[in-house]
Amino acid sequence: MDGLTQQIVDAAQQAVDLCESRPGGKLDYTEASLAIVEEMLAEAAHYASDLTPGQLTGLAQQFGSYILEVGRREFGGRYLWHDQREQPVLVVGEPKFRIAIIAWDKVRRRVGGDEGDNIPFFYAGFVERARKAKPGDDALCV
């Protein structure tokens, strides 16, 4: 496992650990568990103004990495670093096609209170693109 992959796996595990004692379900790296992530981020949005920039970044990295790991465990793929967005991107389907997903920004916006950045809906869009991809397709889900 390369260094970037290990960092994402570790950050995702931190999200799992945060949910360990939470009633209402555990994070198990399935698409269904993203509903729990959505609930947690919606709760965090109520307290976002009380969080430090470091805490907000930590939430974005941990839960964003969890979303990416759900995708990697379902579709395989590899992680790359997106320099302009300063975050990892999961790329699946190579070499036939490239469908990619970036999640840290989505988590930041959700914690910021944007209900339109619903995590299960976002991930479902990525799943649909990945499952219906044709040779030569190249898309980034953000």
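Index from 1, following the sequence.
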Quick one: salt bridge (Lys or Arg N to Asp or Glu O under 4.0 Å) pairs with a partner in residues 56-72, sequence neighbours left out?
Glu69-Arg72, Glu69-Arg73

Could you give all pairs that pass the salt bridge (Lys or Arg N to Asp or Glu O under 4.0 Å) test and reach residues 133-142, with sequence neighbours left out?
Arg98-Asp138

To the nearest 0.5 Å, tell me how far Glu94 CD sits from Arg78 CZ.
4.0 Å

Could you grab the distance from atom CZ of Phe63 to atom CD1 of Ile36, nearest 0.5 Å is fine?
10.5 Å

Correct closest heavy-atom pair for Ala11 and Ser65 would be CB-OG, 3.6 Å

For Phe97 against Ala130, the heavy-atom pair lying closest together
CZ-O, 3.8 Å

Name all residues meeting the side-chain hydrogen bond (donor to acceptor under 3.5 Å, both in side chains) criterion together with Asp114; count only those two or more places apart in sequence or in a different chain, and write none if there are none.
none

Any residue meeting side chain to side chain contact (heavy atoms under 4.5 Å, CB included) with Gln7, in chain and number order, not counting sequence neighbours:
Leu4

Does Asn118 have any side-chain hydrogen bond (donor to acceptor under 3.5 Å, both in side chains) partners at least two apart in sequence or in another chain, and if so, which?
none

Same cluster (ILVMFWY, side-chain, under 4.5 Å), Leu18 and Val9:
no

What distance do Gln14 atom CD and Gln62 atom CD have between them, rounded to the nearest 0.5 Å?
4.5 Å

Taking the side chain from Lys96 and the backbone from Gly136, do they hold a donor-acceptor pair closer than 3.5 Å?
no

For Asp2, what residues pass the side-chain hydrogen bond (donor to acceptor under 3.5 Å, both in side chains) criterion, not counting sequence neighbours?
Thr5

Here the gap from Ile119 atom CD1 to Ile67 atom CD1, rounded to the nearest 0.5 Å, amounts to 4.0 Å

Could you name each residue pair satisfying salt bridge (Lys or Arg N to Asp or Glu O under 4.0 Å) that touches residues 118-129, not counting sequence neighbours?
Glu128-Lys132

Could you note down all residue pairs passing ring-ring contact (aromatic ring centres under 6.0 Å, His included) where residues 113-133 supplies at least one of them, sequence neighbours left out?
Phe75-Phe126, Tyr123-Phe126

To check you understand the geometry: which heavy-atom pair defines the closest contact between Gln55 and Asp50, and what is its length?
OE1-O, 4.3 Å

Are Leu51 and Leu59 side-chain neighbours, meaning at least one heavy-atom pair lies under 4.5 Å?
yes

Under the side-chain hydrogen bond (donor to acceptor under 3.5 Å, both in side chains) test, which residues partner Thr57, sequence neighbours left out?
none

On a heavy-atom basis, the closest approach of Cys19 and Lys26 is O-NZ, 4.3 Å

Same apolar cluster (I L V M F W Y, side chains within < 4.5 Å links), Ile99/Trp81:
yes

Check the hydrophobic clustering (I, L, V, M, F, W, Y; side-chain heavy atoms under 4.5 Å; chains of links allowed) and say if Val127 and Val92 are grouped together.
yes

Shortest non-hydrogen contact from Leu90 toward Gly76
CD1-O, 3.8 Å

Report the residues that fulfil side chain to side chain contact (heavy atoms under 4.5 Å, CB included) with Ile102, sequence neighbours left out, ordered by chain and then residue number.
His82, Arg85, Gln87, Val89, Leu140, Val142

Which atom of Ser33 lies closest to which atom of Asp28, heavy atoms considered
CB-OD1, 3.3 Å

Who are the side chain to side chain contact (heavy atoms under 4.5 Å, CB included) partners of Glu39, not counting sequence neighbours?
Arg22

May I have all residue pairs that pass ring-ring contact (aromatic ring centres under 6.0 Å, His included) and include part of residues 20-55, sequence neighbours excluded?
Tyr29-Tyr66

Residues Gln13 and Asp17: side-chain donor-acceptor under 3.5 angstrom:
yes

If Ile, Leu, Val, Met, Phe, Trp and Tyr residues are connected whenever their side-chain heavy atoms lie under 4.5 Å apart, and connections chain through other members, are Val91 and Leu68 in the same group?
no

